[in-house]
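Okay, structure first, notes after.
Just so you know, ligand 1 is whichever comes first in the structure, and atom 1 is the first atom listed for that ligand.
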Amino acid sequence: MYKKTYPLSFPKDFLWGGATAANQVEGAWDADGKGLTTAEVVKKAENRRETTMGDVTKQSIKTAIKDHSDKFYPKRRGVDFYHHYKEDIKLFAEMGFKVYRFSIAWGRIFPQGDEKEPNEAGLAFYDKVIAELLKYNIKPLITLSHYEMPINLTLKHNGWSDRHAIKEFTRFTEVVFKRYRGKVPYWLTFNEINTGAWGFHETGAIDSDLNEHDQLQLRYQALHHQFVASALATKQLHEIDPKAQMGCMIARMQTYPATPNPTDVRAAQVADEQNLFFTDVQARGEYPEYMNRYFAENELQITMEPQDQKLLKQFPVDFITFSYYMSTVTKAGDKQKTVGNFASGGRNPYLEESDWGWQIDPIGLRVTLNELWDRYRLPLMVVENGLGAVDKVEADGSIHDAYRIDYLRKHIVEMQEAIRDGVELIGYTTWGPIDLISASTSEMSKRYGFIYVDQDDAGNGSLKRSRKDSFYWYQRVISSNGDSLE
Ligand code: BG6
């Protein structure tokens, strides 16, 4: 019989929350035995539209290692979540969070990446964070690697470009899965794994001295190692903690053809494939033919060991997650450019953009959710979404961030529509529920938070936390399970 009903709104156990990354909030970069990580050697940008995440050379790393301050490396100071986690989690609980996505700094657990034994002090820190979350019934959703790895693995093996990284990573994952068994229902392997096609910040592999072909060769090889590591981590998790689930995570780049000209339509399809390749491998468990063709035509050779393809097939992820900030436009003949915090694609005349040139497109989120659901039929989570903006603190200390509320509201409306379309969307964690250091520019003044942190771009400030208007708004959104969006 034809079913006449459809879901009207968010499921009652919908996971509302927020997301951060260790290197953008924790600070305490050299505390309690922690080793330096790749994120902490990237210099801050001098101009806010520029990203420096790929400008890394052996020499720049050496200079960074000798420099023991955080002046040029703001990710070393974050917003001192390391010492404020209780206060911050209390504020998340006050907003009614059901889930908190954060990452473990690999370098806290294995400071050099290749020790035989983990650093107990690092494990103890995340024990405390997890206990604090569980105290408020907030489910931890942990990213195992959010744009960082111990810098020693870059210096010794050039990061993920060497298969050796798989061994070190899975030693790290085994330790944390065992330690936090029964406490963490959701894990993600690599943050925005697709951005590894753009270099160092994700692969931990220095490639700025290579020509374009060799860069791609190195990056896709590194990504292959990450795919295998992800499959092995999924296997481990299911063995160690059978109730826990593993997800993958991409930066979803919704793209539209610049015109109805079939050449533009086809170009947009190709651009889309470059994005979906990553979920195809991690969710369907195999390299798609369109990428095999791309590799062949571009003379790229992925070296695999005999068991790799079997592992990918045997251990796909349980759910799919993605970040969504913007959409872009693709025109045939234009060189495929990266978008978002890595540069910008074509302009869409129908969309407004943020102060950083990110094109705001809530409907694109609905389009994306439908596409991903149609393609994979796996539960989906939007694990990053938000507006980076400059906030003004009024004389009485209040912060009226109506622009942020407006951005988030429009995206939530489209998520609700996607649920009505039949998409199985299980959670939403906004990016940076507390102000943090920007990934691309290392600025502080590009703020995403519901919670304001008193710190400027140079690191001056009291670090005092305060509630913005959006704090109370998101609290109402969560308590009404998405019904009250005004
Ligand atoms: C995502 C990253 O790409 O975008 C986050 O996963 C990042 O780490 C977020 O912070 C926003 O980008 P930015 O450059 O504004 O911090």
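Evaluated by nearest non-hydrogen atom to atom 6 (O) of ligand 1, the leading choice among His201, Gln24, Met249, Glu384 is Glu384.
Looking at ligand 1, you'll find an N or O of Tyr448 within less than 3.5 Å of one of its N or O atoms. For ligand 1, the polar-atom distance check finds an N/O of Ala439 within less than 3.5 Å of one of the ligand's N/O atoms.
For Trp358, every heavy-atom contact with ligand 1 shorter than 4.0 Å involves the side chain, none the backbone. Heavy atoms of Asn191 found under 4.0 angstrom from ligand 1 belong exclusively to the side chain. Contacts of Ala21 with ligand 1, taken as heavy-atom pairs under 4.0 Å, are absent altogether.
Thr63 and Ser60 share no donor-acceptor pair across their side chains, judged by distance under 3.5 Å alone.
Every residue meeting the ring pair (Phe, Tyr, Trp, His ring centres under 6.0 Å) condition with Phe277, not counting sequence neighbours, appears here in chain and number order: Phe227, Tyr287. Residues passing the ring pair (Phe, Tyr, Trp, His ring centres under 6.0 Å) test with Trp473: none are found, sequence neighbours excluded.
For Glu352, the CD atom counts as loosely surrounded, since its 6.0 Å shell holds 12 or fewer non-hydrogen atoms of other residues, nucleotides or ligands.
In this structure, Phe200 and Thr154 have side chains that are in contact, with non-hydrogen atoms separated by less than 4.5 Å. Side-chain atoms of Gln112 and Pro150, non-hydrogen and from C-beta on, never get closer than 4.5 Å to each other.
Proximity of the aromatic rings of Phe169 and Phe190 is defined here by a centroid distance below 6.0 angstrom, and this criterion is met.
Taking a cut-off of under 4.0 Å to the non-hydrogen atoms of Ser438, the atoms of ligand 1 that pass are 13 (P), 14 (O), 15 (O), 16 (O). Every atom of ligand 1 is numbered from 1 in the order shown, and the set under 4.0 Å from a heavy atom of Lys446 is 13 (P), 14 (O), 15 (O).
The closest approach between any non-hydrogen atom of Trp356 and ligand 1 is not below 4.0 Å.
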